[in-house]
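So you know, we letter chains A, B, ... as the sequences are listed, proteins then strands, and number each from 1. The basis for the numbers below is simple: all heavy atoms, side chains too, and nothing from hydrogens, waters or symmetry mates.
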Amino acid sequence: MIYAVLLIGLAAGVPVALAIIAALLVFMGLGEAPYSLRVVATEMFKGMNSFPLLAIPLFVLAGEVMNESGITSRIIAFANVIVGRLRAGLALVNIWASVIFAGLSGSAVADTSAIGRVFIPEMEKHGYSRPFAAALTAASSVIGPIIPPSIPVIIYALIVSGVSVPALFLAGIVPGILLAIFLSVFVMLTVKVDHGHEAAGMMAEPAGKAILGGILPLLMPVFVVGSILLGIVTPTEAASFAVAYALFLGVFVYRNIRLTALPRLFAEAMRDSSVILIIIAAVSAANWLLTYNRVPNMLTDWVLTNVDSKTAFLIATILLFLFVGLFLEGIAAMLVLVPILHPIAVSLGVDPVHFGILVIFNLMIGLITPPLGLCLFVAEGIAQVGMARLTWAILPFFAVEVLVLVILTFVPETVIWLPRAMGY
Amino acid sequence: MKTVNEFARRLFAFGAGLSMALVFAIIFVNSLRRYTVGQSVSWGEELPIYLTIYGVMFGLALAYLQDRHIRFTVLTDFLPATVREKLFAVVDVASFVTGVALAFSGHAFASRRGNMDASGLKSAGTWLADTSGIDALVWVAKVGTWQYAIAIGGALLAVAALLKFLERISSFKAAAA
């Protein structure tokens, strides 16, 4: 019954969180004790009753304020100075602007939206095909939640006890940069239309001015991540400082944000956060049901009986998350699967930080795979090339991202070297 | 219809925005105080959590009204536009029923142990009631006040879904006319 309501709801287009809540309410409402309608609200409330979770709306707000203050053009100008004159310059600027943007927002969807609006038309003007530009924009946005600050990292640390946010933040830096390098090499080898010199024309600003313009926004991730890593502040406190800094830049330095715009920004930030947080609440309630019925224990026992090698487990995990990422929203997938898979990974000797980054990287690839790739939807919304053409265009980038994932999986040092070197 | 929708949108946005602003202000000021004067308020962690839960509930309704929720559209995209819109009207009805059921669930939850004190807010609630002379303010310190967010969220969702449904019906009628 519960699965029928859930599947019919999802297929009909009921929002994911509401489909889960509806299925639980039907099941609990019709069930006998200990099931009751009250359990759904109780577990949803418990799922949101967490101080570290508040980092999510605050980071979303920091991103909204940064976007509103017009930093996108400054980031693009900055990236243009660094890589714009290389072969496939405009494509490279797109990728490395995403790396910088990653340090500011931590949201792949926000990255696709902000950078895509500028780059997709601009790249087309420079001879790139529109589907290629849209596919590259979506593919490079995946870097956003991998490089800190990262919302999925905060959620992962909340699900799994004993894994610190600073360690995961540090662990995401090399994989994020590695992905940017692989995407860059791929476009430099395959792009034939842009030899780099034209990219400079996109931003006519002198290099010095562009670099100066990029420094102020770039101080935010340095300051935020640095203070968390040094143990000075908690992620939630750091997120509030990030908001204050973004407001200071937007209102007083760039003067692009009027005080009258603040109520709208606050409302939009909470609305966008609620889309994530309500899924967390709904899945928390679903997890109560799974745990009550000992489903995680049964699955763990089954996996440990049938899978005895770390390598086999990691391969199976990659395939599972790639498959699940096709159909399930990343955070929901993480909330359902991580409590089950993490203890198995640890008992097989996988480093918890390594496993965390693999899971996050894996699920972020799901952002660019149909049918539920959110970045793909956003890029298609801007490019208007049709989902079939965009899916075709994104396949090579998907292959590059899977290749990086395989490297991260089988060369754990790429993930755990930095946190170890910093004493985590 | 448009006026009612616009009023609801403003109301939901006000609730969500106010919650976000308060959460930011409390956490920021409390953190600053902790790192500058070495003191923080006892309710500085608990209150923002509860305000966020209320904010999420307003945001849930606002996101529904503005079609911002994450949904699985791969199958519905294949449907003709008119059929899809009719299906979404059915989805609105389902969401309305979900909202009502969630409101009942939230009410049952908050009624059960709602009279208990919220540990971090107890002194603040008592102080508010004593200094203002309004005894009802002691409810600030009761968990039920905050647990009721789920019930209110369910009701707001039901309202948003109903308004969306009525909006679709009126657009069907306009298209048919």
(request) Evaluate the side-chain proximity of Leu18(A) to Leu60(B): yes if any heavy-atom separation is below 4.5 Å, no if none is. (result) yes
Where [X] and [Y] come nearest, the two heavy atoms and their spacing:
| X | Y | answer |
| --- | --- | --- |
| Val91(B) | Ala12(A) | CG2-O, 3.4 Å |
| Phe266(A) | Gly17(B) | CB-O, 3.6 Å |
| Gly59(B) | Ser274(A) | C-OG, 3.1 Å |
| Thr76(B) | Ala11(A) | CG2-O, 3.6 Å |
| Met270(A) | Ser19(B) | CE-OG, 3.3 Å |

Can you tell me how far [atom2] of [Y] sits from [atom1] of [X], rounded to the nearest 0.5 angstrom?
| X | Y | atom1 | atom2 | answer |
| --- | --- | --- | --- | --- |
| Arg38(A) | Ile150(B) | CZ | CD1 | 13.5 Å |
| Thr42(A) | Phe109(B) | OG1 | CZ | 5.0 Å |
| Leu247(A) | Phe28(B) | CG | CZ | 9.0 Å |
| Ile27(B) | Leu54(A) | CD1 | CG | 4.5 Å |
| Ser273(A) | Met20(B) | OG | CE | 6.0 Å |
| Phe24(B) | Leu262(A) | CZ | CG | 9.5 Å |

Contact origin within [X] toward chain B - heavy atom pairs under 4.5 Å:
| X | value |
| --- | --- |
| Thr236(A) | both |
| Ile56(A) | neither |
| Val26(A) | neither |
| Leu58(A) | both |

(message) So if I apply the side-chain contact (heavy atoms from CB on, under 4.5 Å) rule between Val56(B) and each of Leu277(A), Val275(A), Ile276(A), which one comes out positive?
(response) Leu277(A)
(request) Look only at the side chain of Ser105(B) and the backbone of Ala41(A), and say whether a donor-acceptor pair between them is shorter than 3.5 Å. (result) yes
(message) Report, in residue-number order, which members of residues 278-286 of chain A are under 4.5 Å from chain B by heavy-atom distance.
(response) Ile278(A), Ile279(A)
(message) For a side chain to side chain contact (heavy atoms under 4.5 Å, CB included) check, start with the C-alpha distance between Met57(B) and Met48(A), then their side-chain angles and the critical distance, and finish with the verdict.
(response) CA-CA 11 Å; Met57(B) 293 301 146; Met48(A) 290 187 282; 3.5 Å; yes
(request) Against chain A, work out which of Ala101(B), Ala25(B), Gly153(B), Ala151(B) has the most heavy-atom pairs shorter than 4.5 Å and name it. (result) Ala101(B)
(message) Heavy atom to heavy atom, less than 4.5 Å: which residues from residues 29-54 of chain B reach chain A?
(response) Ser31(B), Leu32(B), Arg34(B), Tyr35(B), Gly44(B), Glu45(B), Pro48(B), Ile49(B), Tyr50(B), Thr52(B), Ile53(B)
